[in-house]
**Student:** 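Once you've had a glance at the structure underneath, I'll fire off some questions.
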There are 2 protein chains.
Amino acid sequence: MSEHPRYEGLHGQLGALGALKRNIVRVLPHDCPAGSAAVLATLRHHGSVRLSRLADLHSVDISVASRHVSHAVDRGWVARTRDPEDRRSWILELTAAGRGVLDDISERTTRLLADRLSGWTDDEIGQLTAVMVHLRETFAECRPVPRAAAPALA
Amino acid sequence: MSEHPRYEGLHGQLGALGALKRNIVRVLPHDCPAGSAAVLATLRHHGSVRLSRLADLHSVDISVASRHVSHAVDRGWVARTRDPEDRRSWILELTAAGRGVLDDISERTTRLLADRLSGWTDDEIGQLTAVMVHLRETFAECRPVPRAAAPALA
DNA sequence: TATTGTTATACTCTATAACTATA
DNA sequence: TATAGTTATAGAGTATAACAATA
């Protein structure tokens with residue numbers, strides 16, 4: 001039926017994403033929901049970014065990113081300062097406290113993965129990591145399109 | 001700090017899961033939320049199962065699976081009958097209508113992936129699929145543990 | 001008494017829309 | 001007028017707890 005048979009096998013496996021994500025969320029610190037954890041990880045990886053850029057990277061609406069960032073700012077994990085070059089924008093930056101929370105999260109998720117993926121070989125884990133990196137790069141620029149016709153990418 | 005360095009690189013990439021999942025959810029039919037779509041896909045893959053088994057497979061609480069199944073039953077996508085061998089349990093089965101919805105979903109997700117992953121090689125897509133299958137198998141039996149000490153797996 | 005499943009409640013995540021401030 | 005961001009609202013996802021029915 002479809003003209004893209006090479007993706008067919010993939011569709012049935014997508015539920016795995018939800019199961020993995022739920023398992024990860026369960027081990028996060030109690031005052032750090034998944035949204036804020038994602039903000040911290042992205043800021044460490046990309047350095048200081050504007051809020052709109054962060055929303056793009058997460059593939060969510062700006063309003064969603066705004067909430068997650070506010071949660072982190074309230075707890076001193078992220079510093080939010082006006083962009084001097086465009087005073088409508090905010091510059092987001094990880095604080096020392098934020099780095100500490102991120103280390104905690106990293107330790108928890110590492111422990112979870114070490115437990116759940118103990119049956120995986122080093123090679124399989126390497127493939128998993130490579131696929132994740134590739135996925136992140138592929139979906140990094142997909143902010144939700146307002147259902148209107150998206151401008152041609154070219 | 002951690003004794004499991006081979007998982008370190010993985011942690012920072014987990015945000016990719018959320019981005020991919022959000023993109024998929026956006027293309028689902030309007031009356032089929034992600035939870036119900038996952039139910040349909042699992043029933044097609046595993047055949048008839050009991051509700052508790054479905055919750056295990058999705059790594060969610062039974063109450064969550066119950067809601068998702070009810071949504072699908074209300075629309076005639078899933079048949080729910082009492083298990084004659086244990087009348088507390090329900091046997092869940094995909095209906096013809098459910099199969100139709102699933103075909104629609106499959107077509108939509110395939111279209112999305114064909115668009116987003118157009119830059120990926122066949123080999124990379126094969127690796128992605130293999131990793132997904134492996135993940136699904138690994139996390140298939142992880143119903144949320146009630147925070148009490150989990151019984152030893154051995 | 002223990003287990004299967006349902007339902008009520010509360011919290012998180014998400015997008016839409018209305019609004020403020022700046023360009 | 002257009003854009004960056006905030007906030008209010010509504011709908012979906014989830015876990016906990018209380019409950020009914022069956023083992």
**Student:** Using side-chain contact (heavy atoms from CB on, under 4.5 Å) as the criterion, list what pairs up with A/Arg67, not counting sequence neighbours.
**Tutor:** none
**Student:** Side chains of residues 33-47 of chain A: which donor-acceptor pairs under 3.5 Å do they make with residues two or more places apart or in other chains?
**Tutor:**
from	atom 1	to	atom 2	distance (Å)
A/Ser36	OG	A/His68	O	3.4
A/Thr42	OG1	A/Ala38	O	2.9
A/Thr42	OG1	A/His58	NE2	2.6
A/Arg44	NH2	B/His11	ND1	3.4
A/His45	NE2	A/Arg136	NH2	3.4

**Student:** Provide, to the nearest angstrom, the distance between the CG atom belonging to B/Leu51 and the C1' atom belonging to C/dT3.
**Tutor:** 13 Å
**Student:** What is the distance, rounded to the nearest whole Å, between atom NE2 of B/His58 and atom C1' of D/dG13?
**Tutor:** 13 Å
**Student:** Suppose we screen for side-chain contact (heavy atoms from CB on, under 4.5 Å). Which residues come up paired with B/Arg99, at least two apart in sequence or across chains?
**Tutor:** B/Leu94
**Student:** Whole Å only: how far is the CG atom of A/Asp31 from the P atom of C/dT12?
**Tutor:** 11 Å
**Student:** CZ of B/Arg50 versus P of C/dT3: gap in Å, rounded?
**Tutor:** 13 Å
**Student:** Please collect all salt bridge (Lys or Arg N to Asp or Glu O under 4.0 Å) contacts where either partner lies in residues 120-132 of chain B, sequence neighbours excluded, each pair once.
**Tutor:** A/Arg6-B/Asp122
**Student:** Looking only at side-chain atoms of A/Ser63, point me to the closest of C/dT6, C/dA17, D/dT14.
**Tutor:** C/dA17
**Student:** Within this structure, what is the CG-to-C1' distance between A/Asp61 and D/dA8, rounded to whole angstrom?
**Tutor:** 14 Å
**Student:** Who are the side-chain hydrogen bond (donor to acceptor under 3.5 Å, both in side chains) partners of B/Asp86, not counting sequence neighbours?
**Tutor:** B/Arg88
**Student:** In whole Å, I'd like the distance from the CZ atom of B/Arg26 to the C1' atom of C/dA15.
**Tutor:** 9 Å
**Student:** Near DNA chain D, under 4.0 Å by heavy atom, which residues of residues 64-72 of chain B?
**Tutor:** B/Val64, B/His68
**Student:** Can you measure B/Leu54 atom CG to C/dT6 atom P for me and round it to whole angstrom units?
**Tutor:** 11 Å
**Student:** Quickly work out the B/His30 NE2 to C/dA15 P distance and round it to whole Å.
**Tutor:** 13 Å
**Student:** Quick one: CH2 on B/Trp77 to NE2 on B/His71, what's the gap to the nearest 0.5 Å?
**Tutor:** 4.5 Å
**Student:** For DNA chain C, which residues of residues 78-95 of chain B approach it to below 4.0 angstrom with any heavy atom?
**Tutor:** B/Arg80, B/Arg88, B/Ser89, B/Trp90
**Student:** Which residues satisfy the side-chain contact (heavy atoms from CB on, under 4.5 Å) test with B/Ala130, sequence neighbours excluded?
**Tutor:** none
**Student:** Quick check for you: to the nearest 0.5 Å, what is the distance between B/Ile105 atom CD1 and B/Ile24 atom CD1?
**Tutor:** 11.5 Å
**Student:** With sequence neighbours excluded, what pairs up with B/Ser48 under the side-chain contact (heavy atoms from CB on, under 4.5 Å) test?
**Tutor:** B/Ile91, B/Glu93
